[in-house]
Visitor: 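Here it is, the structure, as structure tokens.
Just so you know, these numbers come straight off a predicted model, no measurement behind them. The figures here come from the full heavy-atom set of this structure, side chains too, leaving out hydrogens, waters and symmetry mates.
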Amino acid sequence: MVTMKDIAAHCGVSISAVSLVLNDQHEGRVSVETAARIRQATEDLGYLPNLAARGLRTRQTRTLGLLSDGVASVPFSGQMLAGAQSKAWKEGYVLLLVDMAGNPDMEGPAVRSLLQRSVEGLIVAVDYHREVDLPRLPRPVPQVILGGRPRRGNADWVVPDERAGARAATLHLIDAGHRRIAFCNLIAPAFAIAESLRREGYESALAEAGLGLDESLVVEASEPNASAAREPARRLLRRSDRPTAVFCFSDRLALGFYQVAAELGLRIPRDLSIVGFDNQQNFAENLFPGLTTVQLPHYRMGVRAAEKAIARLQDGGDGPTGHFVSCPLVIRDSVAAPSGRTPKKLTAHRQGRAV
């Protein structure tokens with residue numbers, strides 16, 4: 001490994017001169033020409049600074065740890081890791097990732113492994129919006145929960161604004177002219193927070209538009225998949241006063257409604273408009289017609305989590321805070337006016353863009 005001593009010998013200067021140049025402290029002490037020769041020699045010889053040794057001197061490693069609970073193996077939420085890594089890199093930090101793959105027994109060894117590598121801050125990423133038990137740390141390290149919120153303890157947290165996203169989805173159907181709008185929710189203990197927030201957003205939009213809540217138009221699936229949505233979809237769509245539109249808790253539940261609509265000879269969006277939630281990669285856009293849905297902002301959540309961790313390291317700040325990241329609507333082709341005519345306000349956004 002090339003050392004500063006090697007560079008000094010190559011350039012015919014002292015080791016202290018090399019150190020001053022590489023630490024940008026040479027102005028007025030090393031000539032411009034000599035500094036240029038030293039910098040060129042570091043490139044020619046392939047010199048790399050020993051960051052571990054520098055960290056011992058400065059007490060700063062500029063390294064963040066990211067403890068992932070299965071996020072790395074979930075394709076559409078893996079963007080959280082990409083966002084965190086991108087922001088860390090841009091700010092001059094390295095991100096070290098350990099994924100537990102859903103195995104809680106790995107938490108202790110994983111945390112110790114990260115701390116042994118002198119991470120300055122820890123991001124704990126989870127695969128869906130839920131309460132999280134903070135890892136026990138042997139020394140104070142700023143923590144940020146990415147995708148969830150702390151059950152107890154001191155940590156910043158970053159989550160999607162699911163209530164506002166559901167409100168936007170429902171208002172989009174109202175703007176298209178729909179007045180009988182159903183909601184297919186997911187009732188499962190693991191998704192209790194998201195279930196509550198998305199229903200609140202649906203009801204908020206109805207109230208904002210002066211539409212009363214019809215409880216008979218609210219149905220529930222017990223599992224987060226299309227097959228669990230088919231039975232409640234049949235109950236709704238076989239009614240003589242069936243709804244003209246439905247907002248679904250997720251894209252996969254929306255698929256169940258696509259399937260039942262086809263089974264009953266209903267055309268989307270002419271006979272039934274559908275909006276989903278999640279904008280799962282390579283899923284919503286490949287339905288026919290393309291599914292209008294709400295984007296879970298995983299990448300931006302990752303960016304925000306890294307920002308919060310770095311801000312804690314640089315500025316300290318007050319007590320822990322939560323941050324809601326907006327969930328934009330992605331408009332495709334599954335919504336039309338009840339009559340089958342698409343309002344002009346929708347046609348400008350038919351390219352699957354987030355709005």
Side-chain angles (χ1 to χ4, degrees), residues 61-91 93-137 140-162 165 190-194 197 224 250 277-281 295-313 320-327:
T61 62
R62 300 189 73 80
T63 303
L64 299 177
L66 195 153
L67 184 65
S68 162
D69 189 4
V71 174
S73 59
V74 179
F76 71 102
S77 61
Q79 281 294 306
M80 292 195 297
L81 310 184
Q85 178 173 279
S86 174
K87 182 61 180 178
W89 186 261
K90 187 177 294 185
E91 297 297 327
Y93 284 77
V94 172
L95 192 72
L96 296 182
L97 166 67
V98 176
D99 186 76
M100 298 188 298
N103 180 3
D105 293 336
M106 283 187 61
E107 182 178 289
V111 169
R112 287 193 294 272
S113 178
L114 290 170
L115 293 177
Q116 286 168 351
R117 286 158 178 80
S118 300
V119 298
E120 297 181 68
L122 180 65
I123 299 171
V124 180
V126 294
D127 51 357
Y128 59 89
H129 193 165
R130 55 187 166 95
E131 289 188 331
V132 178
D133 292 314
L134 295 174
R136 294 182 178 181
L137 305 182
V141 173
Q143 294 189 63
V144 179
I145 299 177
L146 172 54
R149 55 183 77 191
R151 194 183 313 276
R152 62 182 68 84
N154 244 355
D156 296 302
W157 45 278
V158 177
V159 295
D161 193 346
E162 298 184 87
F191 300 98
I193 294 177
L197 292 173
S250 69
F277 205 113
D278 294 343
N279 194 33
Q280 288 196 20
Q281 192 175 21
Q295 173 76 56
L296 276 176
H298 289 115
Y299 187 88
R300 287 188 293 121
M301 288 164 57
V303 169
R304 186 63 176 138
E307 284 178 349
K308 278 185 166 285
I310 293 169
R312 284 290 177 193
L313 294 173
T321 59
H323 185 78
F324 293 87
V325 180
S326 62
C327 300

Visitor: Is there side-chain contact between Val124 and Pro135, with heavy atoms separated by less than 4.5 Å?
Guide: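 When only atoms from C-beta onward are counted, Pro135 and Val124 do touch, with a gap below 4.5 Å.
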Visitor: How close do Ala155 and Leu134 get, heavy atom to heavy atom, and via which atoms?
Guide: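 Shortest heavy-atom contact: CB-CD2, 3.7 Å.
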Visitor: Can you tell if the side chain of Arg130 reaches within under 4.5 Å of the side chain of Phe191, non-hydrogen atoms only?
Guide: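 No, every pair of side-chain atoms sits at 4.5 Å or beyond.
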Visitor: How many angstroms lie between atom CG of Asn279 and atom OG of Ser250, to the nearest 0.5 angstrom?
Guide: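 Answer rounded to 0.5 Å: 12.5 Å.
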Visitor: Check the orientation of Trp157 and Phe324. Use parallel for under 30°, tilted for 30 to 60°, and perpendicular for over 60°.
Guide: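 Perpendicular, since the angle between the ring planes exceeds 60°.
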Visitor: Can you tell me if Glu131 uses its side chain to pair, donor with acceptor, with the backbone of Pro150 under 3.5 Å?
Guide: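 Pair absent, no side-chain N/O of Glu131 close to backbone of Pro150.
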Visitor: What distance separates Arg304 CZ from Lys308 NZ, expressed to the nearest 0.5 Å?
Guide: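 Nearest 0.5 Å value for the CZ-NZ distance: 5.0 Å.
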Visitor: May I ask you to say whether Arg149 pairs ionically with Asp156, meaning some side-chain N is under 4.0 Å from a carboxylate O?
Guide: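 No, no charged N to carboxylate O under 4.0 Å.
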Visitor: A side-chain contact here means heavy atoms from C-beta on lying under 4.5 Å apart; do Ile193 and Tyr128 qualify?
Guide: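 With C-beta onward as the side chain, the pair stays apart.
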Visitor: Which heavy atom of Leu81 sits nearest a heavy atom of Ala125, and at what distance?
Guide: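 Smallest heavy-atom distance, with atoms named: CD2-CB, 4.3 Å.
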Visitor: Taking the side chain as every heavy atom from C-beta outward, state whether Pro160 and Gln295 have any pair of such atoms under 4.5 Å apart.
Guide: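 Heavy-atom side-chain distance check fails, nothing below 4.5 Å.
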Visitor: Enter the distance from His298:NE2 to Cys327:SG here, rounded to the nearest 0.5 Å.
Guide: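 That separation rounds to 9.0 Å.
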Visitor: Nearest 0.5 angstrom please: Arg112 CZ to Glu107 CD, how far?
Guide: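 The CZ atom of Arg112 sits 10.0 Å away from the CD atom of Glu107.
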Visitor: First locate atom CG of Leu96, then atom CG of Leu66, and finally report the distance between them rounded to the nearest 0.5 Å.
Guide: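 One gets 9.5 Å once the value is rounded to the nearest 0.5 Å.
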Visitor: May I ask you to test the Leu122-Pro142 pair for a side-chain heavy-atom distance under 4.5 Å?
Guide: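 Answer no - side chains too far apart.
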Visitor: Roughly how far, to the nearest 0.5 Å, is CE of Met301 from CD of Gln79?
Guide: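 Between atom CD of Gln79 and atom CE of Met301 there are 12.0 Å.
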Visitor: Identify the heavy atoms of Leu313 and Glu120 that sit nearest to each other, and give their distance.
Guide: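 Shortest heavy-atom separation between Leu313 and Glu120 comes out as CD2-O, 3.3 Å.
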Visitor: For Val144, is there any backbone N or O sitting under 3.5 Å from a side-chain donor or acceptor partner on Arg312?
Guide: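 Flag not set: sc Arg312 to bb Val144 has no pair under 3.5 Å.
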Visitor: Is any side-chain N of the basic residue among Glu307 and Lys87 closer than 4.0 Å to the acidic one's carboxylate O?
Guide: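 Salt bridge: yes.
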Visitor: Would a 4.5 Å heavy-atom cut-off, applied to side chains only, mark Asp161 and Val325 as touching?
Guide: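 A side-chain contact under 4.5 Å is absent here.
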Visitor: If you count every heavy atom of other residues, nucleotides or ligands that lies below 6.0 Å from Gln280 atom CD, does the total exceed 12?
Guide: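 Atom CD in Gln280 is packed in, count exceeds 12.
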Visitor: Counting C-beta onward and ignoring hydrogens, is there a side-chain heavy-atom pair between Leu95 and Leu64 closer than 4.5 Å?
Guide: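 They are in contact (side-chain heavy atoms under 4.5 Å apart), so the answer is yes.
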Visitor: Sub-3.5 Å donor-acceptor pair from the side chain of Arg152 to the main-chain atoms of Val132, do we have one?
Guide: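 No, because the side chain of Arg152 does not come within donor-acceptor range (under 3.5 Å) of the backbone of Val132.
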Visitor: Would you call Asp69 and Leu67 a side-chain contact if the rule is heavy atoms closer than 4.5 Å?
Guide: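 Not in contact.
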Visitor: Report the C-alpha distance between Leu97 and Ser68 in whole Å, list the side-chain angles of each, state the deciding distance to 0.1 Å, and finish with yes or no for side-chain contact (heavy atoms from CB on, under 4.5 Å).
Guide: CA-CA 7 Å; Leu97 166 67; Ser68 162; 3.7 Å; yes
